[in-house]
Amino acid sequence: MPELPEVETIVRDLNRLVEGATIERVEVERPDLIRGDADAFARAIRGRTIDRISRRAKNIVVALGDDRLVINLGMTGNLLALGPDAPSLSHEGIRFHLDGGRRMVYRDIRRFGRLEVLSDNQWETRQQQLGVEPLSDEFTGELLHRLTRTSRVAIKTWLMDQRRVVGVGNIYASEALFRAGIDPRRRANSLSRPRAQRLREAIQAVLGEAIDFRGTTLLDYRDASGEEGAFAGRLRVYDRAGQPCPVCGTPIRRIVQGGRSTFFCPRCQR
DNA sequence: AACGCGCCCTGTCCGC
DNA sequence: TGCGGACAGGGCGCGT
C-alpha cells in the first residue's frame, strides 16, 4: 500500500496526535507481525514515552528514549490514533494503549508489515543500508545519473529498489516515469544525464503533490485518523490500462515487470 | 555484485 | 449463486 507520501502523511499526523503520549500497555494480537520475540517487544515498549515520530524510506520511526520502534506497513498496514470511545476494528494486530484511554492501533489485513524495537545504534546501522531520500537536497540529477550507471535492470524495477533511492513504490514509479517521458523498460544504465535530471524532477514533483493530497487510497490506505488520501483521482497512468493517455490520447498499456504491473503511454514514453 | 524469482497472506473481482 | 484464478501500495531470502 504505502509509499513515501502515504508514510509521510501518517508520520505528520502522529506527531500531532500522539507525540508526548505514554504507552501504558501493549497487546500483541498477531505475533507474526513482530520481527523477533513478541514478549521482548512488549516489554521494551511498555511504560515508554513517545518522544517524536519520523520517517526514513517507507518506515515509520517512533523515538522512545534511546530506542526506536520501527514500523513498515507492507501492503495493507494502517497505523491509527484512536480516541477512548473508538470502536475496535477488524484485523487489529497490535494495540498500544496510551494514557487517557487513547490507543494507537496497528492493523494489517495481509500481514506483510513488520514492527520491531531497535537501539538507536542498531537503527543507525540498519538505515545506512537504505538509499537516498528523494525529497532531500542530496538527491540531484547528477547523483541519480551516477547511481544508475552500474545496473542493467529496467529503470522502473530499479526505482523500486530501496537500496538506491527510497520511498518510490509501484504506483509512483509508473507515475514518475510517465511525467519524465521515459519508457519503463529502458535499462537503468541507458539514462542520459538530461533524462536523469528530468526523472529526478518528476519523482520530486509527483511525491510532493501526493503528499499535498495526503496520499493515494486505492483500497486499504488510511491516514492516522482513518481518512482516505485524495491523490488517486490525480494518477495519470497507474491502473488506467486501455484509457487514453492524458497528453496524447494513445491507450495506456499495462505490462508486468519483476512480477509487478507497470502502466505507461507507449507514445509519450521513450 | 547483481539479478530474477518465489513466497509471505487475505480480500476482491471477473469470467464461466 | 458458486467457484477458480488473477491480482493487489512491499520486502526478504534463495539460487545462479
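Just so you know, these numbers use all the heavy atoms, side chains as well, and skip hydrogens, waters and symmetry mates.
Where Leu219(A) and Thr150(A) meet DNA chain B, the nucleotide closest to each residue was compared, and Thr150(A) sits on the side nearer the 5' end. In this structure, Ile109(A) and Gly258(A) both approach DNA chain B, and ranking their closest nucleotides by distance from the 5' end singles out Gly258(A).
In the hydrophobic clustering of this structure, Leu98(A) groups with Phe41(A); members are Ile, Leu, Val, Met, Phe, Trp, Tyr whose side-chain heavy atoms approach within less than 4.5 Å, directly or through other members.
The nearest whole Å value for the distance from the CG atom in Leu115(A) to the C1' atom in dG10(C) is 14 Å. Distance Arg163(A) CZ to dG13(C) P: 12 Å, rounded to the nearest Å. The nearest whole Å value for the distance from the CG atom in Asp32(A) to the C1' atom in dC8(B) is 10 Å. Between the P atom of dA1(B) and the CG atom of Asp161(A) lies a distance of 14 Å, rounded to the nearest Å. Summarising the geometry, the separation between CZ on Arg114(A) and P on dC8(B) is reported as 12 Å, rounded to the nearest angstrom. Across the protein-nucleic acid pair, Asp108(A) atom CG and dG11(C) atom P stand 13 Å apart, rounded to whole Å. Between Leu4(A) atom CG and dG11(C) atom C1' the separation is 16 Å, expressed in whole Å.
Using a 4.0 Å heavy-atom cutoff across all strands shown, Asn72(A) reaches sugar-phosphate atoms only and no base atom. In this structure, Thr157(A) reaches neither bases nor backbone, as no heavy-atom distance under 4.0 Å exists between it and the strands shown. At the heavy-atom level, Tyr172(A) lies nowhere under 4.0 Å from the strands shown. Counting non-hydrogen atoms under 4.0 angstrom, Arg30(A) reaches nothing in the nucleic acid.
With P as the reference atom, dG11(B) and dG11(C) are 22 Å apart, rounded to whole Å.
A salt bridge between Glu228(A) and Arg214(A) is absent, with no side-chain N of the basic residue lying under 4.0 Å from a carboxylate O of the acidic one. The existence of a salt bridge linking Arg12(A) and Asp223(A) is excluded, since no basic side-chain nitrogen approaches an acidic carboxylate oxygen closer than 4.0 Å. Using a 4.0 Å cut-off between charged nitrogen and carboxylate oxygen, Asp13(A) and Arg16(A) count as a salt-bridge pair. With salt bridges taken as basic N to acidic carboxylate O contacts below 4.0 Å, none links Arg236(A) and Glu175(A).
OP1 or OP2 of dG11(B) lies within a sub-4.0 Å distance of a side-chain N or O belonging to His91(A). Arg111(A) has a side-chain polar atom (N or O) that falls below the 4.0 Å cut-off from OP1 or OP2 of dT10(B). Here Ser151(A) reaches the OP1 or OP2 of dC3(B): one of its side-chain N or O atoms lies under 4.0 Å away. Contact between the side-chain N/O atoms of Arg260(A) and the OP1/OP2 oxygens of dG10(C) is found at a separation under 4.0 Å. The phosphate of dA8(C) (OP1 or OP2) has no side-chain N or O of Asn170(A) nearer than 4.0 angstrom.
For dC9(B), there is no paired nucleotide, since no Watson-Crick or G-U wobble pair has both relevant distances below 3.5 Å.
Where stacking is scored as ring centres under 5.5 Å apart with planes under 30°, Phe112(A) registers as stacked on the base of dC8(B).
Under the salt bridge (Lys or Arg N to Asp or Glu O under 4.0 Å) rule, Glu133(A) has a single partner from Arg164(A), Arg55(A), Lys58(A), which is Arg55(A).
Side chain Arg110(A) to base dA8(C): a donor-acceptor pair is found below 3.5 Å.
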